Amino acid sequence: MSRCSSRNPLPRDLLIGPLIAALFAMLGAPPARSEEGGGTLLLRHGAASPVEAPRLAADAAIAVSGPTARATITQAFRNTTAEWVEGTYLFPLPEDAAVDAMRLVVGDRVIVADIRERQAARRDYEAARAEGKAAALTEQQRPNLFTNAVANIGPGETVLVQIQYQQGVRRSGDTYSLRLPTVAGPRYSPAPPAVMPAADGPHDPGTMPDPVPDRHAIAAPVLDPARHAPVNPLTLSIDLKAGFALGAVSSATHAITVEAPSESERRIALRDGATAADRDFELTWTPAPGAGPAVGLFRERADGTDAVLAVVTPPVTAIPAAPMPRDVIFVIDNSGSMGGTSIRQAKASLLVGLDRLRPGDRFNVIRFDDTMETVFPDLVAADENRLAEAKRFVAGLEARGGTEMLAPLQAALRDADPEETGRVRQVVFLTDGAIGDEARIFSAIAEGRGRTRLFMVGIGSAPNGHLMRHAAELGRGTFTQISTADQVADRMRDLLVKLESPVVTDLAATFSEEAEASPAELPDLYRGEPVTVAARMREAKGTLTLTGRIGGRPWRRVLTLDGAQDGAGIGKVWARARIGEAETARITGRMTPEAADAAILRLALAHGLTTRLTSLVAIDATPRRPAGARLARTDLPLNLPAGWDFAALFGQDLPPAPAAIPPGRRAGLDPAELVPAASRAIALPQTGTESGIRLMLGAALLGLALLAWSRGRRVAR
């Protein structure tokens with residue numbers, strides 16, 4: 001049963017009077033109205049009158065302790081209407097977030113969530129909702145995409161949902177980083193089989209699985225920034241305890257303030273206070289000269305076992321400068337979600353990549369939206385004329401259409417000479433990753449990567465980190481994030497230096513004592529990339545030996561585990577990594593679905609983690625909503641990610657009436673739940689394909705809607 005406190009003081013970590021006051025203040029003022037009067041978002045439900053969506057404000061408090069971070073996200077939902085309301089909110093988290101706690105605060109009551117199997121949690125939540133009880137449900141839709149549903153918010157009431165998660169700190173060379181996604185960018189979902197055009201003749205839809213079976217779960221209303229002020233304000237604070245003397249601490253995405261209580265601590269906040277949730281927040285820090293650890297070794301004792309985390313950077317000086325000739329395939333996404341600043345950043349990044357090609361290299365360029373095109377029929381020499389032709393092609397690209405990523409990925413991975421040993425084959429893939437069919441992409445990489453190395457370049461303010469990072473891991477490459485235009489030159493240069501540098505290969509980690517280590521197979525590494533190993537063992541003793549080859553020369557490092565520093569949350573980081581490995585094994589066929597699900601469920605329940613198979617649910621014991629009072633259900637709107645072009649994504653003009661929109665064009669679209677055009681909140685187009693079937697369906701529905709409208713007017717008269 002979920003636990004609740006009734007009229008008791010709030011727990012210590014909820015004694016946040018100033019925070020709650022700030023959240024209430026952010027929610028108190030009505031949203032600014034645009035010239036068209038689209039300030040208040042109204043959602044229709046069936047034949048009932050419109051209902052104003054709850055307002056949302058959030059606060060993120062993150063504590064960094066050495067190699068791990070603990071985050072507390074507090075979301076405040078305010079119901080400004082006279083109705084009882086259920087609000088559903090789609091929100092992102094880091095792709096490696098181990099979500100393990102949730103609490104619902106209603107007045108002075110605190111309801112602590114339990115972790116349960118997903119279907120059981122959903123049943124319990126729906127039963128509580130029907131009984132009029134306060135309840136909240138946190139579900140994972142993707143490893144980096146979650147939904148919160150909050151039931152029975154009373155008229156004029158504000159409730160808080162507090163979520164906590166653990167994650168590891170990223171490190172590349174001497175730079176450490178932490179990223180907090182703040183908005184779930186609209187995702188393109190390929191058409192389901194029933195309306196999918198047949199490439200090779202008719203197919204039985206029953207034999208073709210939907211590439212995105214949960215397409216409605218990952219869609220939400222999106223506000224047009226030209227007609228609606230930003231919503232969902234966010235405040236943020238970070239307590240950084242690096243464990244070593246700090247040098248530069250900065251953010252390329254947001255203006256921040258930095259206080260320095262000591263040489264190894266910093267306190268960070270947003271300089272302007274509350275900000276619109278429309279872009280990822282990124283914080284980076286570096287050690288003071290000479291203060292950075294070559295080895296990071298940490299352990300945590302819990303439940304009679306030790307969790308160990310080792311982070312080691314191989315020496316750069318051991319890498320010889322003798323690059324092999326390369327075959328490089330650049331793939332650029334020019335779909336509608338890349339409109340605005342994203343396509344300019346992607347084009348600039350690709351041009352930097354072309355300029356770094358050397359004599360002896362070969363290359364090609366592929367662009368895609370819901371179609372694809374290659375500049376050359378095959379790989380060509382990187383000579384002056386071919387490079388000039390490719391640059392002209394790139395300069396002419398415009399963002400449009402859907403994001404059909406599978407075909408261009410498979411084309412880029414296709415290797416005409418898989419036995420070639422004298423050349424390095426690399427794919428540089430530039431995209432925001434705004435798709436819903438990630439599993440198909442991962443499966444294609446695992447099946448087709450061969451000797452190719454895949455380097456993902458995340459473009460824009462809110463890329464799909466789960467897709468980008470995991471695709472790079474499967475492709476034995478790296479992931480580079482480019483959030484702003486002024487990062488293009490530096491980050492592309494850093495990436496291309498890695499591509500030009502020999503890799504650290506044949507990596508292996510061996511424990512002298514019995515241990516469950518993750519990852520089971522270590523990836524190839526490039527210049528400045530650290531080796532990260534997490535393990536669980538009965539006691540952290542003995543040694544961990546890392547071995548590999550750098551430029552053909554053997555490399556070895558031995559770590560003594562009993563010298564590890566104390567760390568927090570390492571056990572959950574290990575469990576989250578093991579769950580990710582099981583998911584990958586299921587997608588790639590290395591584990592049966594049944595075996596993978598059993599492993600995931602066992603780890604999730606043991607460590608209290610939210611996964612594809614488990615959810616957090618909090619239910620109050622006492623019904624609140626009066627018998628007979630209706631419950632209005634609303635989906636809270638999202639901002640369009642900063643820099644995205646609304647018109648390129650959704651079209652220049654929206655239809656004036658729900659019936660004019662063909663089925664399948666917009667994710668999660670229910671004509672009974674459309675937002676009025678004045679608010680300009682819509683859902684993501686599912687496909688750019690204009691098949692005859694869809695046109696006929698749209699025309700038929702439009703005719704039916706007009707007929708119904710005409711009859712309704714005659715009855716009214």
Side-chain angles (χ1 to χ4, degrees), residues 43 45 53-54 56 75 77 86-93 95 97 99 102 116-126 129 135-151 161 163 181 183-195 209-222 232 337 402-403 433-442 462 464-467 470 583 586-587 593 597 600 604 609-617 633-638 663-675 681-687:
L43 303 179
H45 293 268
L56 175 75
Q75 298 171 343
F77 297 82
E86 175 193 28
T88 301
Y89 178 58
L90 183 72
F91 65 99
L93 289 178
E95 60 273 10
V99 181
M102 184 262 281
R116 303 180 191 177
E117 291 191 41
R118 183 172 181 135
Q119 292 181 351
R122 166 60 66 174
R123 286 195 302 269
D124 293 344
Y125 171 81
E126 291 176 349
R129 180 181 65 193
L137 178 69
T138 300
E139 294 181 314
Q140 175 185 301
Q141 309 302 340
R142 297 290 186 274
N144 65 336
L145 193 60
F146 294 76
T147 50
N148 262 346
V150 186
V161 176
I163 297 168
V183 63
R187 298 192 181 190
Y188 174 90
S189 295
V195 295
D210 189 337
V212 192
D214 60 347
R215 60 185 64 238
H216 298 292
I218 61 173
V222 181
N232 309 340
S337 67
T403 315
I435 61 169
D437 59 331
E438 294 98 332
R440 293 202 307 170
I441 301 302
F442 298 149
N464 181 351
H466 168 54
L467 171 76
H470 197 46
E583 290 283 19
R586 178 183 62 85
I587 291 170
D597 286 357
I600 292 166
L609 301 180
T610 305
T611 67
R612 176 175 55 84
L613 301 176
T614 53
S615 301
L616 285 163
V617 61
R633 300 176 184 175
T634 67
D635 295 322
L636 275 68
L638 303 179
R665 278 291 287 170
R666 310 190 192 284
L669 185 65
D670 181 347
E673 299 183 0
L674 276 180
V675 181
I682 69 171
L684 176 67
Q686 287 299 286
T687 176

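It should be emphasised that the depicted structure is a prediction, and the values quoted were computed from it without experimental measurement.
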When every non-hydrogen atom of Val161 is compared with those of Met102, the smallest separation belongs to CG1-CG, 3.9 Å
Of all the heavy-atom pairs spanning Ser615 and Ala121, show the shortest one and how long it is. CB-CB, 3.8 Å
From Thr88 OG1 over to Phe77 CZ, what is the distance, rounded to the nearest 0.5 angstrom? 8.5 Å
Give me the atom names and distance for the closest heavy-atom approach of Pro192 to Asp210. CB-OD2, 3.7 Å
Tell me, do Ser189 and Ile218 make a side-chain contact under 4.5 Å, heavy atoms counted? yes
Locate the shortest heavy-atom distance separating Gln141 from Ala217; write the atom from each residue and the value. OE1-CB, 3.4 Å
I'd like to know whether Leu609 forms a side-chain contact (heavy atoms from CB on, under 4.5 Å) with Thr614, so could you lay out the CA-CA distance, the side-chain angles of the two residues, the decisive distance to 0.1 Å, and finally the verdict. CA-CA 7 Å; Leu609 301 180; Thr614 53; 5.6 Å; no
How long is the straight-line distance from OG1 of Thr138 back to CG of Asn148, given to the nearest 0.5 Å? 3.5 Å
Which residues pass the salt bridge (charged side-chain N to carboxylate O under 4.0 Å, His left out) test with Arg612, sequence neighbours left out? Glu583, Asp597
Around Glu126, counting heavy atoms of other residues, nucleotides and ligands shown, do more than 12 lie under 6.0 Å from its CD? yes
Working for side-chain contact (heavy atoms from CB on, under 4.5 Å), residues Ser337 and Thr403: CA-CA 8 Å; Ser337 67; Thr403 315; 4.2 Å; yes
Smallest heavy-atom separation, Tyr188 atom then Gly402 atom, equals CE1-CA, 3.2 Å
I'd like to check Pro186 versus Val222 (side-chain heavy atoms, cut-off strictly below 4.5 Å). Are they in contact? yes
On a heavy-atom basis, which atom in Pro593 and which in Arg586 lie closest, and how many Å separate them? CA-CG, 4.0 Å
Check whether Asn464 reaches the backbone of Gly433 with its side chain - one donor and one acceptor, N or O, closer than 3.5 Å. yes
Sequence neighbours excluded, which residues qualify as salt bridge (charged side-chain N to carboxylate O under 4.0 Å, His left out) partners of Arg118? Glu139
In Å, rounded to the nearest 0.5 Å, how long is the span from CG of Leu613 to CD1 of Ile600? 5.5 Å
Does any part of the side chain of Gln75, heavy atoms only, come nearer than 4.5 Å to the side chain of Tyr89, both counted from C-beta? yes
Quick check for you: to the nearest 0.5 Å, what is the distance between His466 atom NE2 and Glu438 atom CD? 5.0 Å
Thinking salt bridges, do Asp214 and Arg142 make one under a 4.0 Å N-O criterion? yes
Is it the case that the side chain of Asp437 and the backbone of Arg440 share a donor-acceptor pair, with hydrogens and angles ignored and the cut-off at 3.5 Å? no
Counting only N and O atoms by type, is there a donor-acceptor contact under 3.5 Å from the side chain of Thr634 to the main-chain atoms of Leu636? no
Rounded to the nearest 0.5 Å, how far does CG of Leu638 lie from CG of Asn232? 6.5 Å
Nearest 0.5 Å, what's the CG-CG distance between Leu145 and Leu90? 4.5 Å
Taking C-beta and beyond as the side chain, do Leu137 and Thr147 meet within less than 4.5 Å on heavy atoms? no
side-chain contact (heavy atoms from CB on, under 4.5 Å) between Asp124 and Arg116, worked out: CA-CA 10 Å; Asp124 293 344; Arg116 303 180 191 177; 2.3 Å; yes
Before you tell me yes or no, could you show the steps for His470 and Phe442 under side-chain contact (heavy atoms from CB on, under 4.5 Å), namely the whole-Å CA-CA distance, both residues' side-chain angles and the distance that decides it to 0.1 Å? CA-CA 8 Å; His470 197 46; Phe442 298 149; 3.7 Å; yes
